[in-house]
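Encoded as structure tokens, the structure appears first; notes follow it.
Small disclaimer: the values here were computed from a predicted structure and weren't measured.
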Amino acid sequence: MILLRHIPFLKAVLWHSLTAFGGPQGHFGMMLKTFVNQRRDITEMELLDYNAFCNLMPGASSTQMLTLIGYKRGGVWLAIITLLIWILPACILMGGFSFLMEYIDQKTLKNDIFKFIQPMAVGFLVYAALKAFKISIKNTITQIIMVVSIAISYGFFKSPWIFPLLMLFGGFVTNLSSKRIPQIEEKTKKIKWGNIWLFAIIFIVAGVLSEMARKYDWPNRRPLNLFENTYRFGSLVFGGGQVLIPLMYEQFVARPESERVLLNNPNVVKINRNDFYTGAGMVRAIPGPVFSIASFTGGIAMKDWGIVMQLTGCIIGSLAIFMPSALLVLFFFPVWHNIKKYATVYRALEGINAVIVGIMFASTFYMMKDISIINIKANGLLNIAIIAGTWIFISFTKFPSPVIVVICLLLGWIF
């Protein structure tokens with residue numbers, strides 16, 4: 001009966017999972033529209049706090065943010081259900097694609113139906129950045145931090161280490177002043193140590209068993225190696241899908257082709273180069289988390305073992321990539337909540353949020369450079385209209401986010 005009162009929220013999560021295009025940048029804008037402005041599940045400040053926290057953590061940031069929204073509404077169990085509803089559509093789609101590789105014409109992957117999705121994502125991001133600007137940029141020092149963050153983020157956008165470094169920089173700068181102190185004493189949250197113990201045990205056991213399997217060349221060791229490789233990515237990757245995909249390429253495509261690996265470890269988990277490129281393109285054309293590419297790589301890695309084992313590979317990839325993110329965020333968020341009452345951390349949040357706003361604006365500029373807004377033959381004017389129209393509809397109407405997505409898909413099909 002307790003779960004029944006959360007059904008409307010879970011339905012909103014499902015709709016979000018089916019229509020959230022544009023990667024974590026676009027996802028944030030859609031969360032702001034759906035879960036803050038329309039449903040009032042959380043406040044703008046809470047969402048910004050979640051965003052700052054998740055950007056300091058490894059793993060899928062938009063997935064972690066949505067998990068925290070569920071956690072705030074109904075505790076750990078609702079957080080887990082929220083996570084599953086969010087990842088399942090994308091994982092099913094990407095896992096299904098691994099079975100269809102032999103029948104897919106590579107040219108059809110560039111179907112124009114998706115050509116206005118990126119301008120739409122930019123529109124969502126503009127909306128989110130402007131809203132965050134109004135909340136977080138309130139004085140000269142936050143303005144300076146934001147401008148510096150825009151410049152550095154844009155210049156080093158593909159370097160994942162730059163984002164946590166910028167947040168440390170922002171937190172340090174706002175701590176140079178001792179004026180701001182916490183105004184509200186929040187109730188301390190209980191820390192669930194089981195989450196971090198489970199994360200660490202799985203990480204260590206999977207690593208040891210995978211290395212033993214490699215060293216002694218255990219028969220049928222590929223599923224174990226696949227789990228360890230993917231779990232490690234989910235545990236250590238900062239910077240989201242834009243970092244995960246190159247790391248997966250190095251692990252599953254480039255490394256197995258090296259002379260040393262071919263000589264010493266011929267049974268390493270490996271994926272055909274063209275198949276990987278296809279999956280990397282597909283995952284950006286579907287809604288949901290980019291980390292769902294692990295469902296595809298898991299299936300492709302096991303496809304020569306038969307249908308049952310290929311399906312097993314999809315499941316292994318899905319579980320291994322998202323499990324560490326969930327365990328880490330559910331352990332560290334109560335810690336984060338509890339330490340915010342200290343003045344040093346409270347002041348640091350002002351700088352961290354200013355950095356987040358800078359990263360949002362930098363992401364907007366970075367995404368726009370890949371969109372034609374000048375060449376009329378390349379739908380330049382229409383792209384500008386999509387960006388502006390998306391922002392206008394989100395800001396000044398009650399249009400649900402899924403409706404905007406459907407309109408952009410229809411425009412892509414028509415034009």
Any side-chain heavy atom of [X] within less than 4.5 Å of one from [Y]?
| X | Y | value |
| --- | --- | --- |
| D41 | K72 | no |
| V283 | S292 | yes |
| K303 | S98 | no |
| M146 | S136 | no |
| L328 | P58 | yes |
| F35 | L47 | no |
| V253 | D275 | no |
| I145 | T174 | yes |

Where is the tightest heavy-atom contact between [X] and [Y], given as atom of each residue plus distance?
| X | Y | answer |
| --- | --- | --- |
| A132 | M360 | CB-SD, 3.9 Å |
| G170 | V355 | CA-CG2, 3.9 Å |
| Q310 | G299 | CG-O, 3.1 Å |
| A90 | P289 | CB-CD, 3.9 Å |
| S325 | I321 | OG-O, 4.0 Å |
| S62 | M31 | O-CE, 3.2 Å |

query: Which is it for F53 and V329 under the side-chain contact (heavy atoms from CB on, under 4.5 Å) test, yes or no, and what are the steps along the way?
result: CA-CA 9 Å; F53 168 69; V329 78; 3.3 Å; yes

Criterion side-chain contact (heavy atoms from CB on, under 4.5 Å) against P119, the qualifying member of I386, I384, T390, L411: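 So the option named by the test is I386.
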
Paired with I81, the side-chain contact (heavy atoms from CB on, under 4.5 Å) test is passed by just one of V13, T67, L10, namely L10

* Would you please indicate yes or no on a ring centroid separation below 6.0 angstrom for H27 and W86? => yes

Would you say the ring centroid of Y154 lies under 6.0 angstrom from that of F361? no

Those residues at least two apart in sequence (or on a different chain) that pass side chain to side chain donor-acceptor pair (under 3.5 Å) with T142 are N139

- Message: Using 30° and 60° as the class boundaries, would you call the ring planes of F252 and F233 parallel, tilted or perpendicular?
- Response: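 Taking F233 first and then F252, their aromatic rings stand perpendicular (interplane angle over 60°).
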
Residue pairs meeting ring pair (Phe, Tyr, Trp, His ring centres under 6.0 Å), one or both in residues 272-301, sequence neighbours left out, come to Y249-F276, Y249-Y277

[X] atom [atom1], neighbour heavy-atom count above 12 within 6.0 Å:
| X | atom1 | value |
| --- | --- | --- |
| I307 | CD1 | no |
| W218 | CH2 | yes |
| W197 | CH2 | no |

- prompt: Looking only at atom types and distance, does a side-chain atom of T297 sit under 3.5 Å from a main-chain N or O of A294, one as donor and one as acceptor?
  reply: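 At least one qualifying donor-acceptor pair exists.
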
Answer yes or no: is there a donor N or O on one side and an acceptor on the other, between the side chain of N225 and the main chain of S210, under 3.5 Å?
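The answer is yes, because a donor-acceptor pair under 3.5 Å joins these two groups.
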
[atom1]-[atom2] distance between [X] and [Y], expressed to the nearest 0.5 angstrom:
| X | Y | atom1 | atom2 | answer |
| --- | --- | --- | --- | --- |
| T19 | M30 | OG1 | CE | 4.0 Å |
| R5 | L78 | CZ | CG | 8.5 Å |
| F199 | I204 | CZ | CD1 | 9.0 Å |
| L66 | Q64 | CG | CD | 11.5 Å |
| I85 | I87 | CD1 | CD1 | 10.5 Å |
| Q251 | L226 | CD | CG | 10.0 Å |

Checklist entry - Run the side-chain contact (heavy atoms from CB on, under 4.5 Å) check on W305 and T312 step by step: do they pass? => result CA-CA 10 Å; W305 282 24; T312 302; over 6 Å; no

Donor-acceptor pair between D49 and W336 side chains, under 3.5 angstrom: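 W336 and D49 do have a side-chain donor-acceptor pair below 3.5 Å.
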
Should I152 and F169 be marked as a side-chain contact (heavy atoms from CB on, under 4.5 Å) after you check the CA-CA gap, both sets of side-chain angles, and the distance that decides it? CA-CA 12 Å; I152 295 177; F169 159 76; over 6 Å; no

inquiry  = For F97 and T278: C-alpha separation, side-chain torsions, deciding distance, then whether side-chain contact (heavy atoms from CB on, under 4.5 Å) applies.
reply    = CA-CA 10 Å; F97 279 133; T278 300; over 6 Å; no

